[in-house]
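Step one of this worksheet: look at the structure below.
Below, chain A is the first sequence line, B the second, and so on; all start at residue 1. Any value given below was found using the heavy atoms of this structure, including those in side chains, with hydrogens, waters and symmetry copies removed.
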Amino acid sequence: MNTLYTMGIDIGSTASKCVILKDGKEIVSKSLVSVGAGTSGPSRAIAEVLENGGLKREDMAFVLATGYGRNSLEIADKQMSELSCHAHGAHFLFPNVHTVIDIGGQDAKVLHVGDDGNLVNFVMNDKCAAGTGRFLDVMARVLEVDVGDLAGLGAKSQVQVEISSTCTVFAESEVISQLAKGTDRCDIIDGIHRSVAGRVGGLARRVGVQPDVVMTGGVARNCGVLHALEKELNTEIQTSPLAQYNGALGAALFAFEKCR
Amino acid sequence: MAIAEKLAEFRKIADNPKTQLEHYKSKGMKAVGVMPYFAPEELVFAAGMFPAGMWGSNTKSISRAKEYCASFYCSLVQLDLEMLLDGTMDGLDAVITPTCCDTLRPNSQNIKVAMKNKMKVIFLAHPQNRFPECGVKYTESCYKKIRAELDEVSGHKTTDEEIQNAIKVYNRSRAARREFVKLAGAHPEAVSAVMRSGVLKASYFMLKDEYADKLEALNAELKALPASDWKGVRIVTSGIICDNPTLLKILDDNKCAIVADDVAQETRSFRCDAPEDDADPIHALAIQFRNQDYDILLYDKFSSQNRRGEYVAKMCKDNHADGLILFMQQFCDPEEMEYPYLKKALDAAGIPHIRLGIDHQMRDFGQAQTAIQAFADVLD
């Protein structure tokens with residue numbers, strides 16, 4: 001039987017991610033470009049994933065696009081909602097998953113996944129940046145730290161500081177007030193992580209939290225948010241180094257199912 | 001005329017309310033703006049004037065209304081004031097301002113102040129307790145006052161016969177809309193969500209006798225269609241309003257047919273007829289208001305029984321809907337307060353649903369597109 005390569009591409013608001021699967025089982029190549037919809041990110045991510053895998057577009061049996069910019073990708077054979085793709089991708093990585101918490105650049109969503117890896121129910125954040133990657137970006141800028149350093153700095157916190165979980169703009173003002181009072185940055189960062197966890201935890205409880213719980217999306221790389229969410233929901237949360245590729249992985253899996 | 005052409009005509013009317021207002025004004029008619037909800041529009045029609053529905057705008061932005069409105073007023077209410085301020089509604093001779101919610105109530109006074117001598121502003125406060133006889137009497141007294149004020153605007157003393165005739169015309173138009181909703185749900189391949197909305201919305205910008213004629217002709221053609229073999233999903237919509245064509249097109253793109261609705265601008269506005277055999281037409285209109293039920297904007301003394309939630313859940317079951325989409329108007333307190341009860345009833349009935357926050361000023365529906373597409377996947 002011929003080898004079947006399928007590509008999933010997740011064009012998010014802040015990053016473009018690609019995964020190529022071999023026979024729907026093995027990840028042979030992946031790529032990530034840190035710009036998303038409406039930029040050169042998608043085409044660069046595609047070129048990179050093909051080059052990494054030593055493959056050409058013609059080698060792909062099916063290309064499936066997902067994410068915020070999914071509708072504008074001409075080379076895709078089909079597009080699907082990232083919610084369905086995240087459910088599928090998480091089930092591939094964690095076969096016992098029933099709850100996926102995905103925090104991306106501009107939205108947060110909680111998915112209830114069935115035993116077969118299909119999406120059963122979901123809830124998304126309102127049209128608001130609170131509890132999203134964007135919230136962390138804004139806070140990191142105010143605190144003059146790299147967003148990638150937030151987890152390490154937050155872990156050094158000694159004193160609990162409360163940051164409003166209701167609005168990015170108000171929370172930014174609160175952070176500035178805390179800085180003006182001389183509050184330690186690490187304590188503020190820990191408060192920010194708990195703020196995100198409070199917001200997303202509320203979403204998760206709406207859809208119901210059933211083990212295993214998995215966190216995906218770019219914010220899953222921040223273990224400060226992950227641990228705060230574990231405390232908030234009183235449950236263990238798993239993640240994977242492939243967390244940010246999860247949507248693209250799910251898209252590649254759906255692509256395999258489409259052409260099988 | 002083919003069904004598609006008829007639908008397109010309704011859609012065009014729905015998209016051009018100002019043209020409609022100018023059309024009736026050019027005939028020498030006076031015009032009265034009618035804001036949501038439950039205004040006795042029959043009285044405007046009976047007085048020989050054009051009732052112009054006011055349900056916000058999908059193309060305007062809020063600017064001048066901000067001078068008067070708190071930021072947490074819903075966009076529907078703010079845009080109605082905006083259109084009164086920016087000249088869009090300059091053809092109006094009066095406006096009726098019902099006060100069924102905590103935003104409409106203060107805004108009625110904003111409009112009064114803002115309009116000064118520009119047009120007559122007719123205040124309408126329905127009774128909280130509409131069921132007992134005293135509630136009916138109170139409604140009657142409100143409607144009598146409105147009748148008198150409309151007579152002042154029209155310069156003509158409306159007779160009981162004229163109001164009774166208006167009731168007949170409106171009952172006919174409501175029956176036609178109820179039938180259309182059923183036919184559109186039965187033939188989603190012929191009536192898209194965008195066109196369905198256009199047909200129902202056009203009712204606010206036409207004289208109801210003309211509208212009923214036109215809709216009955218469309219219904220006759222829809223009735224003649226062979227049974228549908230719809231392969232997509234069947235949904236019920238709920239909320240105050242969901243009339244943005246860009247948003248509705250997402251439903252069409254994802255093969256979501258609206259088989260019934262619990263929308264204030266749509267079915268909730270034409271569910272109840274007024275009695276035609278009542279010698280006193282004002283009493284008939286008060287009875288019509290008394291009979292309005294299962295509406296989040298109206299007081300329900302049995303609300304602890306969650307009658308409304310169960311009514312909506314039953315509507316989904318009766319129409320064999322796969323799920324419900326709640327279009328929640330941003331900052332709408334009644335809708336937000338009711339949501340947990342609606343959710344409870346839907347969950348108990350095993351009806352999947354999603355809730356989407358909407359605002360008239362939204363131009364990009366990326367998040368809604370993602371949610372609707374995923375919901376359709378789940379239901380399929």
Side-chain angles (χ1 to χ4, degrees), chain A residues 10-13 36-38 64-72 78-88 100 102 104-114 116-129 132 134 167 169 202-203 205-208 247 250-251 254 257-258, chain B residues 71-72 74-75 233 239 244 246-247 249-256 322-332 335-336 339-344 346-348 350-380:
Chain A
D10 179 4
I11 308 169
S13 58
L64 198 144
T66 190
Y68 185 64
R70 64 190 180 281
N71 291 309
S72 52
K78 184 179 167 65
Q79 55 88 9
M80 284 182 76
S81 149
E82 61 266 35
L83 301 178
S84 303
C85 292
H86 272 286
H88 236 41
V100 178
D102 178 82
Q106 70 171 17
D107 67 9
K109 44 212 174 246
V110 182
L111 320 175
H112 176 204
V113 184
D116 57 358
N118 282 320
L119 182 65
V120 174
N121 194 5
F122 62 90
V123 61
M124 297 173 79
N125 65 324
D126 295 326
K127 227 173 160 49
C128 171
T132 70
R134 181 69 189 148
C167 170
V169 177
L203 274 186
R205 279 188 285 267
R206 274 195 217 168
V207 83
F254 271 121
E257 288 174 18
K258 298 287 174 197
Chain B
S71 56
F72 50 80
C74 71
S75 56
V233 298
N244 189 307
T246 310
L247 179 59
K249 187 171 179 301
I250 298 171
L251 295 180
D252 292 328
D253 290 345
N254 288 284
K255 298 271 176 273
C256 294
D322 299 305
L324 176 141
I325 299 180
L326 171 60
F327 293 94
M328 188 177 281
Q329 180 83 2
Q330 199 91 316
F331 302 124
C332 178
E335 283 203 296
E336 287 178 0
Y339 175 64
Y341 300 99
L342 179 61
K343 181 179 187 303
K344 188 178 170 187
L346 292 171
D347 288 349
I351 297 157
H353 77 281
I354 52 169
R355 183 182 61 141
L356 301 173
I358 58 161
D359 181 297
H360 277 85
Q361 294 184 101
M362 282 169 75
R363 302 290 180 264
D364 174 75
F365 294 97
Q367 197 183 39
Q369 188 178 25
T370 297
I372 290 169
Q373 189 175 17
F375 192 52
D377 283 347
V378 169
L379 299 180
D380 198 3

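- Taking each heavy atom of B/A374 and A/S84 in turn, the nearest pair found is CA-OG, 4.2 Å.
- Between atom OG1 of residue B/T370 and atom CZ of residue A/F122 there is a gap of 9.0 Å, rounded to the nearest 0.5 Å.
- When all heavy atoms of A/N125 and B/Q367 are compared, the pair lying nearest together is O-NE2, 2.9 Å.
- By the side chain to side chain donor-acceptor pair (under 3.5 Å) test, B/Q373 is found to be paired with A/R70, A/Q79, residues two or more places apart in sequence or in another chain being considered.
- Between B/L379 atom CG and A/L119 atom CG the span is 10.0 Å, to the nearest 0.5 Å.
- Few gaps surround OH on B/Y339; more than 12 heavy atoms of other groups in view lie less than 6.0 Å from it.
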